[in-house]
Amino acid sequence: MRLSQFFLPTLKEVPSEAQIVSHQLMLRAGMIRQSSAGIYSWLPLGYRVLRKIEQIVREEQDAAGCQELLMPTIQPADIWRESGRYDDYGKEMLRITDRHGREMLYGPTNEELITEIVKASVRSYRDLPKLLYHVQWKFRDEVRPRFGVMRGREFLMKDSYSFDLDREGARRAYNKMFVTYLRTYARMGLKAIPMQADTGPIGGDLSHEFIILAQTGESEVFCDRELIERDVLSEAVDLDGDLQPVVDTWTSRYAATDEMHEPTRFEAEVPEDRRVSARGIEVGHIFYFGTKYSEAMGATVANQEGLQVPMEMGSYGIGVSRLVGAIIEACHDEAGIVWPRSVAPFDVGLINLKVGDLACDKAASDMYQSLRLAGLDVLYDDADERAGVKFANMDLIGLPFQVVVGPRGLKTGVVEIKNRATGKRYELSPESALAHLTV
RNA sequence: CGGGGAGUAGCUCAGACUGGUAGAGCAUCGCGUUUGGGACGCGAGGGUCGCAGGUUCAAAUCCUGUCUCCCCGACCA
């Protein structure tokens, strides 16, 4: 993509409404624009990141045998009356009346709808287990939306639902999602720590929040350093095998948010040098809630004895749009965003320092071609701007690598590669620069 | 939902107390000088001062109402 053609409205100054760094940077980097309180448009750069995150989530869900479908955003009130949540959910649920006076709502979550779907088609234990998910916009009419996409009213969420015959089956599904979540966050360059959680309005008695550590996180968290140091992706796990031992290694170590924190237990269980107290952001939440919905809504299957039993259910959410903000909270510096490679909107930012200079234009354009041929996503700054502006903007949007083509380097036949995360620069021939970036 | 703050040019803000017909920096456009970390000079364009009433000869400014946004708290992916 050529920068001269890309819709990237960056801001030099910090808009006054943005208080936290991820919100400020998302506005400044031209990723989002606010439409109304807690509701945002995603501009091209932001949307690229959102889709990258969504794709990682999708791949990991698929790998766990979770099947993607898509449910509507607007739901009928009836099924929520059936579950008993129509009144429980309160004003946070956006209620709508259609032209015929039918009561509808913009879904804040989908337990009722998915239960309705599965109930209609699943009759026997032979049809179980089932793991289903979708990635879809939700609306929760928060009293106080804030922090940009971190607490928006409209947000993109991946929500999965498990259906099993019995508790053991449900536990297997829960464990599968537990492990899958760890992998999902790790692939985004995040350290996510599962912590025992309250179940809130979803209900149920087994639940974990996934918290990532970030200096500007909303809640205070306490955990064993050992949990942070684990390299999740290097641990090979068989998702179809028994995952309980894996889950146990995580849940046996101390990890708690401030509301669940027990200082005495913390000090008793964790050696002093491993005690971490930090800030955290909730980026996922998993629940086992048994037959709460299946019972209320009559979602039963015939078991081996031919008896009708309510299905055992769980639900599993990842805040996809929140993750965009959360990753920035965890990955930024003075100059701007520092994207982990896996979610970066482009792999490389190519800067032509002197547009109009024949040698620079040729070298930059050749480099642009080669990088793209090598399969990289490149943002090519071909705009006629001063060097300072180009550097500042490229740092702001945080692409993992910058390739700088300028008259100074070309004199000796080199281009410069800058690693955004480390700040290190390397002068290399165009060929070795290419090789360096395509390993 | 309780408490607080703010709406003036695309962005950041001044002007309001003390009413007299709107300003700066940045951004944009033109010209020139610059050109490896957010340049400089000259010139230009751009605002129903959130909206609706009221007071007044006169309202961005005073009064009333209303809408929106932000912050703190209780609630949440």
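A quick note: this is a predicted structure, and the numbers were derived from the prediction, not measured. The chains referred to below are lettered A, B, ... by the order of the sequence lines, with proteins before strands, and numbering in each begins at 1.
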> Who is the Watson-Crick or G-U wobble partner of B/G19, with both distances under 3.5 Å?
Replying inline: none
>> Going by centres under 5.5 angstrom and planes under 30 degrees, do the aromatic ring of A/F155 and the base ring of B/A77 stack?
In response: yes
>> Applying the side chain to side chain contact (heavy atoms under 4.5 Å, CB included) criterion to A/M367, which one of A/N352, A/L437, A/V403 satisfies it?
In response: A/V403
>> Just the rounded figure in Å: distance from C1' of B/A77 to CE of A/M195.
In response: 16 Å
> If you take atom types as modelled and just measure distance, does the side chain of A/E385 reach the base of B/G38 with a donor-acceptor pair under 3.5 Å?
Replying inline: no
> For the pair made of CG in A/D381 and C1' in B/G37, what is the distance, rounded to whole Å?
Replying inline: 13 Å
> What integer number of Å spans the P atoms of B/A74 and B/C67?
Replying inline: 27 Å
> Roughly how far apart, to the nearest Å, are B/G23 and B/A60 at atom P?
Replying inline: 13 Å
> Within the structure shown, what part of the strands sits under 4.0 Å from A/G152 by heavy-atom distance: base, sugar-phosphate, or nothing?
Replying inline: base
>> Both distances below 3.5 Å, Watson-Crick or wobble geometry, any strand: find the nucleotide opposite B/A6.
In response: B/U68
> How many Å lie between CD on A/E218 and P on B/A77, as a whole number?
Replying inline: 11 Å
> Is A/V404 touching bases, backbone alone, or none of the nucleic acid, heavy atoms closer than 4.0 Å?
Replying inline: base
> Is A/E13 touching bases, backbone alone, or none of the nucleic acid, heavy atoms closer than 4.0 Å?
Replying inline: base
> Considering only the P atoms, how many Å lie between B/U56 and B/A14, rounded to the nearest integer?
Replying inline: 32 Å
> Are the side chain of A/K52 and the backbone of A/A344 linked by a donor-acceptor contact shorter than 3.5 Å?
Replying inline: yes
> Do we get A/R230 above A/W250's six-membered ring, with its NZ or CZ under 6.0 Å from the centre and within 45° of the axis?
Replying inline: yes
> At under 4.0 Å between heavy atoms, what does A/R425 touch on the DNA or RNA strands: base, sugar-phosphate, or nothing?
Replying inline: base
> Any side-chain N or O of A/R322 under 4.0 Å from OP1/OP2 of B/A77?
Replying inline: no
> For B/C1, does OP1 or OP2 lie under 4.0 Å from any side-chain N or O of A/K91?
Replying inline: yes
> What interatomic distance, in whole Å, is found between P of B/G65 and the corresponding atom of B/G5?
Replying inline: 16 Å
> Between B/G73, B/G36, B/U34, which one does the side chain of A/R146 approach most closely?
Replying inline: B/G73
> Which whole-number value in Å describes the distance from A/Y426 OH to B/G36 C1'?
Replying inline: 19 Å
>> Without decimals, in angstroms, what is the distance between A/K12 NZ and B/G38 P?
In response: 10 Å
> Parallel under 30°, tilted from 30 to 60°, perpendicular over 60°: which one fits the rings of A/F346 and A/F6?
Replying inline: perpendicular
> Looking across every strand, which nucleic acid part, if any, lies under 4.0 Å from A/Q19 by heavy atom: base, sugar-phosphate, or nothing?
Replying inline: sugar-phosphate
> Looking across every strand, which nucleic acid part, if any, lies under 4.0 Å from A/K158 by heavy atom: base, sugar-phosphate, or nothing?
Replying inline: nothing
>> Please report the distance separating the C1' of B/G47 from the corresponding atom of B/G15, rounded so that it comes out in whole Å.
In response: 14 Å
>> By the 4.0 Å heavy-atom rule, please label A/G406 as base, sugar-phosphate, or nothing.
In response: base
> Just by distance, with hydrogens left out, do A/Q55 and A/R58 show a side-chain donor and acceptor under 3.5 Å apart?
Replying inline: yes
> Separation of A/D357 atom CG from B/G36 atom P, in whole Å?
Replying inline: 13 Å
> Quantified in whole Å, what is the C1' atom distance between nucleotide B/U21 and nucleotide B/C26?
Replying inline: 27 Å
> If pairing requires Watson-Crick or G-U wobble contacts with both distances under 3.5 Å, which nucleotide is the partner of B/A24?
Replying inline: B/U12
> Counting any heavy atom closer than 4.0 Å, what does A/R28 reach on the DNA or RNA strands: base, sugar-phosphate only, or nothing?
Replying inline: base
> Under 3.5 Å, is there a donor-acceptor pair between the side chain of A/R140 and the main chain of A/P108?
Replying inline: yes
>> In terms of relative ring orientation, are A/F210 and A/F178 parallel, tilted or perpendicular, with 30° and 60° separating the classes?
In response: perpendicular
>> Side chain of A/N393, heavy atoms from C-beta onward: which of B/C70, B/C1, B/G38 has the nearest atom to it?
In response: B/G38
> Expressed in angstrom and rounded to an integer, what is the separation of A/E111 atom CD from B/A77 atom C1'?
Replying inline: 12 Å
> Can A/R420 and A/D333 be counted as an ion pair, charged N to O under 4.0 angstrom?
Replying inline: yes
>> At 4.0 Å (heavy atoms only), tell me whether A/A392 reaches a base, stays on the sugar-phosphate, or touches nothing.
In response: base
>> Categorize A/E17 for me: base, sugar-phosphate, or nothing, with a 4.0 angstrom heavy-atom threshold over every strand shown.
In response: sugar-phosphate
> OP1 or OP2 of B/C13 sitting under 4.0 Å from any side-chain N/O of A/S16?
Replying inline: yes
>> Using a 4.0 Å heavy-atom cut-off, does A/D159 contact any base of the nucleic acid, only the sugar-phosphate backbone, or nothing at all?
In response: nothing
> Is there a Watson-Crick or G-U wobble partner for B/U33 with both distances under 3.5 Å, and if so, which one is it?
Replying inline: B/A39
> Where the side chain of A/R144 is defined as all heavy atoms beyond and including C-beta, which of B/A77, B/A74, B/A27 is the nearest nucleotide?
Replying inline: B/A74
> Should B/C75 form a Watson-Crick or G-U wobble pair with both distances under 3.5 Å, which nucleotide is its partner?
Replying inline: none
>> In whole Å, measure the gap between the C1' atoms of B/C75 and B/U68 for me.
In response: 23 Å
> Distance between the C1' atoms of B/G25 and B/G46, in whole angstroms?
Replying inline: 16 Å
>> Over all strands shown, is A/P407 touching base, sugar-phosphate only, or nothing at heavy-atom distances under 4.0 angstrom?
In response: base
